[in-house]
2 protein chains.
Amino acid sequence: MGAETTRDHIVEAADRLFYHQGYEHTSFAAIAEAVRISRGNFYYHFKSKDDILRAVIAARLESRRRMLREWEAEEADPAGRIRRFVEIVVTNRADIQDYGCPVGTLTTELAKLGHPALGEAGEVFTLFRTWLREQFTRLGHRERADELAMHVLAFSQGVATLAHAFREEDFIRREVRRMHDWLGAYSAGTGAVAAAAHEDGGRADA
Amino acid sequence: MGAETTRDHIVEAADRLFYHQGYEHTSFAAIAEAVRISRGNFYYHFKSKDDILRAVIAARLESRRRMLREWEAEEADPAGRIRRFVEIVVTNRADIQDYGCPVGTLTTELAKLGHPALGEAGEVFTLFRTWLREQFTRLGHRERADELAMHVLAFSQGVATLAHAFREEDFIRREVRRMHDWLGAYSAGTGAVAAAAHEDGGRADA
DNA sequence: GAGATATTAGGACAGGCGTCCTATGCGGTG
DNA sequence: CACCGCATAGGACGCCTGTCCTAATATCTC
């Protein structure tokens, strides 16, 4: 805490405010007030608002990378790792109900603004997609790994958006349970793998 | 076209611009330019920007109601109606890839802005939820109708968000196919209904 | 055609924004 | 103690925003 630099404080406050209020709606004055520094002093650490945004995105990317790395260290089973990802919406349910998914909402906003940093924001999605794909590949679903990864991602975005709109915690838990059930067909031994492949394999890649 | 009032033109242009650029990012000047009227003239038809937003939301609500009514007239089978809803993401794939879901993105933005019209925007979600619930009820799933309705809604939001982020049409089609497969267990005759109830009934409502 | 009403145009206003500039304070080094 | 570079403060700037006001123009009624 005390060891953190002013720049870090700015990035942290901006991260939180961008998440809670949106990027465009968050003014320099608001960040300055949160960090308790003067407006003018911003431009010593960052050269523009875009610059702060990029720093925030980079910080988020790094934090997600770190999270995934920890999961990999703690959980050897790829299926267990995927389940951890699915559990995010439960773990962060309070924030999600209040503000939605940080990644999804920022990406959507930057797209509407035509902001040049949209691509960087999208990299967080790509990070998750690649990581999930890797886990499915290790489970023996190499051909369909990307499709399955995207399905899990779509789940989390759908749940986040509706949990935000309706604020219903039970809905989150039901959808997570449903997703765990679905994952069961892909995560167990060869028998279950074969069953899952049979279940919808014929149509999915027509 | 020619029969439309100026007010209608304003609402149409604002609707499109709010969808493409976001509510906050769309200025009065931008709407005025699109409608080809002067800025000042706005306040003859609307008393504030909020007022235009409310008119846009009301128009969207009405258009969705009309759409659902048409589906009900054309399609007697509740399962077919639900399938029509699922197909929205395919039908509107171009817009969705460019701008996301109009309902989801607006709701999310208004929530971040703390805008008083958030509740009205959310009514579109409620409209869909209630309608889907009604269709599932008619299919004989009264107890789980709301849960199933929410699942379909979550599907559409998840697909829309990711299709927007990644711009991949194949992804949309794969997810829609998956959803149709899932619906198959709930839409056929009593035999299939019983099978679906057995499939995950034991855990879903523990 | 005259008058009343409905509609439009365009500028003025105050406030907030991101940005920039300059002066001031702080902390370690010779 | 003098110095120098890092860090900060706070105000000035030009721009754009939503809003409001007033004058001009269409449109309709008798």
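First the proteins, then the strands, lettered A, B, ... as listed; each starts at 1.
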Ion pair check, B/Lys112 and B/Glu109, cut-off under 4.0 Å: no
Tell me, which of residues 36-56 of chain B have any heavy atom that sits under 4.0 Å from an atom in DNA chain D? B/Gly40, B/Tyr43, B/Ser48, B/Lys49
Is the closest basic N to carboxylate O distance between A/Arg69 and A/Glu62 below 4.0 Å? yes
Sidechain N-carboxylate O distance under 4.0 Å for A/Glu70, A/Arg81: no
Based on the rotation axes of five pairs at each end, what angle does the helix from C/dG1-D/dC30 to C/dG30-D/dC1 bend through, to 10°? 10°
Whole Å only: how far is the NE2 atom of B/His9 from the C1' atom of C/dT8? 15 Å
So, do A/Tyr23 and A/His115 have ring centers that fall under 6.0 Å from each other? yes
Looking at the side chain of B/Ser27, which of D/dG18, D/dT8, C/dT8 is the nearest nucleotide? D/dG18
Rounded to the nearest angstrom, tell me the gap between atom CD in A/Glu24 and atom C1' in C/dG18. 12 Å
Contact between A/Phe166 and A/Phe171 at the side-chain level, heavy atoms closer than 4.5 Å - yes or no? no
Grab the CZ-P distance between A/Phe28 and D/dC15 for me, whole Å please. 19 Å
Would you verify whether the NZ or CZ of B/Lys49 falls within 45 degrees of the ring axis of B/Phe42 while also being under 6.0 Å from that six-membered ring's centre? no
For the residue pair A/Val152 and A/Trp182, establish whether any side-chain heavy-atom pair is separated by less than 4.5 Å. yes
NZ or CZ of B/Arg178 within 45° of B/Phe155 ring axis and under 6.0 Å: no
